[in-house]
Participant: 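Before anything else, here's the structure in question.
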Amino acid sequence: MQLLQSRKQLAAWRQGLAVPVHFVPTMGALHPGHQQLFRRAAEPVVGQRPAVLASVFVNPLQFGPAEDFERYPRDLAADAALAEAAGVTALFAPAVEEVYPDGVAALTAIHPPQGLQQVLCGRSRPGHFHGVATVVVRLLNLVRPNRLVMGEKDWQQLVILRKVVADLGLPVWVQGCATVREPNGLAWSSRNRYLSPAELEQATALPGALAAAAQACRAGRPRAETLVGEVRASLQAAGLVVDYVELVAAQSLKPLAVVSGVALLAAAVHCGPSRLIDHTVLMSRSPIVAIDGPAGAGKSTVTRAFAQRLGLIYLDTGAMYRALTWWVQQQGVDPADAAAVAPLLEGLDLQLSSGAGGEQQVTINGHDVTEAIRSPGVTAQVSVVAAHGCVREALTRQQQAMGERGGLVAEGRDIGTAVFPDAELKVFLTATTAERARRRALDLGQRGFAVPPLAELEAQIAERDHLDSSREVAPLLQAQDAVELITDGMAIEAVIEALVQMFRDRVPEEAWPNPV
Ligand code: PAF
C-alpha cells in the first residue's frame, strides 16, 4: 500500500492508473466499520478489480467550536496497518494545508439544501454538513474516483452527498454500505473510543431501542407517535440524554406520521463524553422494482439477472400475457374477441415458478408452456390479447397479489403505472427499434426459429410499439417517476450494474441486504 501525503503524490499515483478508482474518505481512527468499507470498495465491478484509495483527514470545517476537533483520535501508523490489511491500494493522509492551501477562513463552501441539512443532526450541529459537503467535493476533485464508498450509518451524510453529487453533476457513483456493529449491537464509530466500559454498556440501549421499534413496526404498530415514544422512553430509562428521535422518509428526510415507503427511525443521544447516532430502516413491505419498456428491449434477460443479483423474486408479467395468448389460441378462440376471451379467465390457473437451475417456468392450466410462449405465433398476437380490459384486470389482480409482501422485480408494460405504482424503483428500459430488431433476430436464431430480414423485424416492432402505446387499457407509458435507461451500445453486464446502482440509490442495504 502506498502512503500519499501531498496533492502532488496523489496526482502522480492517480495518473498511472488504468483501472477504476473506488474512494473511501475517512477521518481516521479506523475500526472494523471502515475495514468493511475498504473490503466492499475492493470488490470487482463487471469483472474489473478497482484500485481502492482511502483518505484519512480530520476535516476542521465539519466541527463546531465546542466539538472534539482537537482531541479527535489520530494514529496514522495504526490506520495505515488496518487499511493495508483490508486491501487498500493507497492511503491519502494530507495535512490541512494540502487540502485547503488558501486556509479555511474565506473558502468557497458547498451549501446542501436546507431541507436536508437543517434536520436531524443538522439541528444540533449547525454548519456540520457544509463542512462535510465542502471537504468531500474537494477530495473528489483531487481523487477523481469512479465510486465514492460510504457507510449507511451516517445516513443523513450519505443522502446529502448523493444530492450534492447529483446537483453538481459529479461523475461518480455514491455507494452506501450497511452499518457494521459490535457483537453487543453498538454501531462501530470512532467516537466509541471515548466511552468507559460502563458507558459502552449503557450505549447499547440505543441499538436495542431501535431494534425493539423495528419489531413493533413489523408487529403492526407503524405510527411515528408510538415508535418515537417507545424509543425515547427506553433511551431515557437507560440514562442516555436524548438529542432527537424521529421518523422520516429515508430520501427526503421529511417527517412521517406513519411508516410508508422507505422510512428511517433515527436517533442521537449523548452518552458520557460522546454523541452517538444510529437508525433503523423501516418498510411496510419489502422493496418492489418495476421495469417497463417496449418489446425487445432486452428486459427479460437483464431483469432475471438483476433479480438474482439482489435476491429478488422475478415476476415476468409478459410471460403471463404470453401464456394466456397461447391458451386462447389452443382453445380456438379469436384473440381479438374480448367477449370470447373473458370466459377463459374464470378459474384460470397460471403459475410462474423457478426451475432447478433458477430459470423461470410457466404453466397454464397444467401445461408447461415455458418454451411455447416464445414462438412467433404467440409473439404476433400477445398485444391483441393483452389489450382487453378484462385480461388486464384479471392479470393485474394476480400480479398485485403476488407482490403483496414485496421483495420482487416485475417486468412488463404497465408495472410502474398500473400494477405497482408505489414501487421503490421504476425503470423504463428501452432501445432504438433498430437495436431491438437486431436483438430479436439473434434471439430467434438462438431458439431455432426462422429469422426474417431486419427491416421486417423493425416494422413488426414499430407496429407492436404502436399497439402497446395506443391501447385504451393500461397503455405502454413511462411512469412520471421512472428513470429512462436507453441500452443501445451497453453490454448486458453494464445494464445490470446500472440497475443495481439505481436500486441501491433508493433502497439501503439494511432494508434489503445483498444475498450472500
Ligand atoms: O464520515 C466521515 O468520516 C466524514 O464526515 C467524511 C465523510 C470523511 C468527511 O470528512
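Each ligand, and each atom within it, is numbered from 1 in the order the structure gives. Heads up: numbering here begins at 1 and tracks the sequence.
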Participant: Starting from atom 4 (C) of ligand 1, what is the nearest protein heavy atom, named by residue and atom, and what distance separates them?
Facilitator: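 Ranking protein heavy atoms by distance from atom 4 (C) of ligand 1, first comes Gln62 NE2, 3.6 Å.
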Participant: Is the number of heavy atoms from other residues, nucleotides or ligands within 6.0 Å of CZ (Arg405) greater than 12?
Facilitator: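 Not more than 12 within 6.0 Å, no.
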Participant: Got Gln202 and Leu240 here, is their nearest side-chain heavy-atom distance under 4.5 Å?
Facilitator: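 With C-beta onward as the side chain, the pair touches.
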Participant: Under a 4.0 Å heavy-atom limit, does Thr26 contact ligand 1 with its side chain, its backbone, both, or neither?
Facilitator: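 The part of Thr26 near ligand 1 is the backbone, not the side chain.
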Participant: Using a strict cut-off of 4.0 Å, indicate which atoms of ligand 1 neighbour a heavy atom of Met150.
Facilitator: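 With Met150 as reference, the close atoms of ligand 1 come out as 7 (C).
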Participant: Answer yes or no: does an N/O atom from Asn59 fall short of 3.5 Å to an N/O atom of ligand 1?
Facilitator: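 No; the residue has no nitrogen or oxygen that sits under 3.5 Å from a nitrogen or oxygen of the ligand.
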Participant: Quick one, Thr26 and Leu37 - any side-chain contact, counting heavy atoms below 4.5 Å?
Facilitator: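 SC-SC contact between Thr26 and Leu37 ruled out.
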Participant: At what distance is the nearest protein heavy atom to atom 1 (O) of ligand 1, and which residue and atom is it?
Facilitator: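 Looking only at protein heavy atoms, the one closest to atom 1 (O) of ligand 1 is Gln157 NE2, 2.8 Å.
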Participant: Given Glu497 and Val45, is the side-chain contact (heavy atoms from CB on, under 4.5 Å) satisfied, shown in steps?
Facilitator: CA-CA 8 Å; Glu497 184 57 33; Val45 182; 3.8 Å; yes
Participant: When you check the side-chain N and O atoms of Arg39 and Gln36, is any donor under 3.5 Å from an acceptor?
Facilitator: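 Their side chains do contain a donor-acceptor pair, which is all the 3.5 Å distance test asks for.
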Participant: Going by the atom numbers of ligand 1, which of them fall below 4.0 Å from some non-hydrogen atom of Val135?
Facilitator: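 Reading through ligand 1 atom by atom, the close ones are 9 (C), 10 (O).
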Participant: Report yes if the side chains of Arg193 and Ser274 come closer than 4.5 Å at any heavy-atom pair, otherwise no.
Facilitator: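 The answer is no; the side chains never approach within 4.5 Å.
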Participant: Show which atoms of ligand 1 fall inside a sub-4.0 Å distance from at least one heavy-atom site of Pro25.
Facilitator: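 The atoms of ligand 1 under 4.0 Å from a heavy atom of Pro25 are 8 (C).
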